[in-house]
Amino acid sequence: MRFVKLVEADSSAATILRDAHIYEIADGRWARPGSIFLDDPFAETGLRAFFGAQCKNEPFPLADRYAQDKISSSRLAKFAKAVGAITEIRPVKITVDNHPQRDELKADYYQYGVRKTHTGIDEDYVLRGLKNALKEIDVEKAKVIWNTMSASPSNVLKARFRPNRQYNTRLKPSTLVHQLRTAKWVPQSDGQFTKPCDARADLLPSGFPYDVGKEWLAAVGFGTEAEKRTELAKKRKAIAAELGFEDEVALADARKFAGLAPDERLAFFEEIERRASLELPENEPRNPSRRADKVGELAATATERKTEMRTRSVSIGREDVKDEAGQYLRQQYTNGGELFCQVCKLPMPFRLDDGNAYFERVEFLPSLQKRYHQNYLALCPTDAAKFKFANGTDDMLLDLFCDLDGEELEVILAQNDETIYFTKTHLADLKKVIEVDRRSITSIPQADGET
């Protein structure tokens, strides 16, 4: 408070305090005014978000106790600014020694071995704390960067070097510009951060005023790639319209269709025509009142629901084998998170409430003597019904499979030629199972000397 009163009474006294350790920081140490920054509750600067609230590296936040002092926040803030505390970040001038294009800037100096004189120029610009801020960017940090660049003079956008006035000054984008160009720090309304070149002005969130005339926006290439994509999209749309398509998506779909085999395109059109020709049945009673009376009479005399206990034969162990088969088939026929049908080769049509794809485990060769989990197929409901009730090759499956040379078995299902796909692992497992099953038949003891 005595220091504050001193500076309030005589502003020139601030210079005496600038190099003195008069501020306590969060970990109990003391620091010079130039090593601390102000933020809430003393001033709304956003610097706490930019630099971080920890005391690991300079600049440091003030100790918490300052917020409870009797002196007002406004007086503390005014005093801190007077003695040199950081209340905003500004680009800092440095030499070009660490510039990304240092060798090009210093080409004359290196090539000719000239000496630097007082007429030389050696300047580059950086933003204090920017490197760390960009590592874990958020909207508040981005806002500080944006406002800082908007308020900075244009000279901070260039790095300049000449050894003396006999040589032309070489110019390159400053290190600050290089850093801002290559980092994903510009927020967009979808919550993502992007490089300035990929950003769009109309997607900037509130608090990021956009002025197309600002030199720094051009220096970091704001929106250049986004604009190219927009122009490219316009060209594609124009081309699509010229070819008679609604937009470029429709044109892309047409290209995909053109890439299909001729028989696949023909099948597609035939299916479209078939569906277009289909009509749902219409069945209306000629005498609704009379029909309602008749239906009512029949409903009144309908058979009651009754249940009775009946014995039935149960295949012992089948459910256990089917459970094991389910795990086996999921492992064999899942790819990219999708479980595929072995007949139509498409992902299963729907998922159960637990998130797993529904499929039917259908026994492939019922003629085998024992039950094997490898002797099951993973089929969608439609192909499972075809295999069980409309299988034109049912009696020949074992012979066809044993003669199979490849991974797809040709079968006739619902009067159509189809194939059943087997993974190489499933194929090898099932052939071994058949071999073992056949040996088990020959090893069974026969009665009355039969072989």
Side-chain angles (χ1 to χ4, degrees), residues 39-40 43-52 87-92 100 125-159 171-256:
D39 202 348
D40 289 337
E44 294 182 3
T45 63
L47 296 183
R48 189 181 302 275
F50 187 81
F51 290 121
T87 57
E88 60 182 358
I89 55 171
R90 295 177 181 174
V92 178
Y125 292 88
V126 295
L127 205 58
R128 193 177 189 181
L130 178 62
K131 189 174 181 181
N132 287 330
L134 293 175
K135 289 179 180 177
E136 297 182 12
I137 195 67
D138 57 38
V139 173
E140 291 305 315
K141 291 179 184 177
K143 191 178 294 184
V144 172
I145 297 171
W146 186 278
N147 292 334
T148 297
M149 294 305 299
S150 296
S152 297
S154 59
N155 66 294
V156 304
L157 305 175
K158 295 290 185 181
L171 301 175
K172 293 292 179 183
S174 65
T175 295
L176 172 57
V177 170
H178 275 281
Q179 289 176 315
L180 294 180
R181 276 181 181 176
T182 55
K184 292 183 178 181
W185 67 273
V186 180
Q188 300 282 263
S189 57
D190 60 0
Q192 300 296 315
F193 289 86
T194 185
K195 293 179 182 179
C197 63
D198 294 319
R200 286 173 46 184
D202 59 320
L203 297 181
L204 287 169
S206 61
F208 290 79
Y210 180 76
D211 182 352
V212 69
K214 289 289 186 181
E215 290 186 45
W216 78 271
L217 290 171
V220 299
F222 187 92
T224 52
E225 292 300 320
E227 186 176 353
K228 287 180 184 178
R229 289 195 295 270
T230 301
E231 290 300 319
L232 181 60
K234 288 180 180 178
K235 289 180 181 179
R236 287 176 175 171
K237 188 173 182 179
I239 292 172
E242 186 178 344
L243 294 174
F245 294 97
E246 182 179 351
D247 53 32
E248 63 269 26
V249 176
L251 177 59
D253 290 342
R255 286 174 175 165
K256 288 181 182 178

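Not measured: the values here are computed from a predicted model. Start at 1 with the first residue, then count along the sequence.
- For the pair Lys141 and Glu136, the tightest heavy-atom approach, listed with the atom from each and the gap, is NZ-O, 2.8 Å.
- Counting all heavy atoms, side chain and backbone alike, Leu180 lies closest to Ile145 at CD2-CG2, 3.8 Å.
- Side-chain contact between Pro100 and Thr175 is present, with at least one heavy-atom pair separated by less than 4.5 Å.
- Screening residues 199-224 for salt bridge (charged side-chain N to carboxylate O under 4.0 Å, His left out) gives Arg200-Asp202 as the qualifying pairs, with residues at least two apart or on separate chains.
- The NZ atom of Lys135 sits 11.0 Å away from the CG atom of Leu130 when rounded to the nearest 0.5 Å.
- Here the side chains of Ser154 and Trp216 are not in contact, with every heavy-atom distance at 4.5 Å or above.
- Counting heavy atoms from C-beta outward, Val156 and Arg90 have side chains that stay 4.5 Å or more apart.
- With sequence neighbours excluded, no residue satisfies side chain to side chain donor-acceptor pair (under 3.5 Å) with Ser152.
- Nearest heavy atom pair, residue Ala226 against residue Ala199, reads CB-O, 3.5 Å.
- Rounding to the nearest 0.5 angstrom, the gap separating the CZ atom in Arg181 from the NZ atom in Lys195 is 12.0 Å.
- Between Trp146 and Leu204, the closest side-chain pair of non-hydrogen atoms falls below 4.5 Å.
- Closest approach of Val177 to Leu157, counting heavy atoms only: CG2-O, 3.5 Å.
- Atom OG1 in Thr182 sits 11.5 Å away from atom CH2 in Trp185 (nearest 0.5 Å).
- Residues Leu127 and Pro91 approach most closely at CD1-N, 3.6 Å, considering heavy atoms.
- With contacts defined as side-chain heavy-atom distances shorter than 4.5 Å, the pair Val144/Ile89 qualifies.
- Among all heavy-atom pairs drawn from Pro187 and Pro205, the shortest one is O-CD, 3.4 Å.
- Atom CG of Asp253 is separated from atom CD of Glu246 by 11.0 Å, given to the nearest 0.5 angstrom.
- By the 4.5 Å heavy-atom criterion applied to side chains, Tyr125 and Asn155 are counted as neighbours.
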* side chain to side chain contact (heavy atoms under 4.5 Å, CB included) between Phe208 and Lys143, intermediate numbers included -> CA-CA 7 Å; Phe208 290 79; Lys143 191 178 294 184; 3.8 Å; yes
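- The residues Glu227 and Arg229 are annotated as not salt-bridged, no charged nitrogen and carboxylate oxygen being separated by less than 4.0 angstrom.
- Between Val186 and Gln188, some side-chain heavy-atom pair lies under the 4.5 Å cut-off.
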* Would you sort out whether Leu251 and Arg255 count as a side chain to side chain contact (heavy atoms under 4.5 Å, CB included), showing the intermediate values? => CA-CA 6 Å; Leu251 177 59; Arg255 286 174 175 165; 4.0 Å; yes
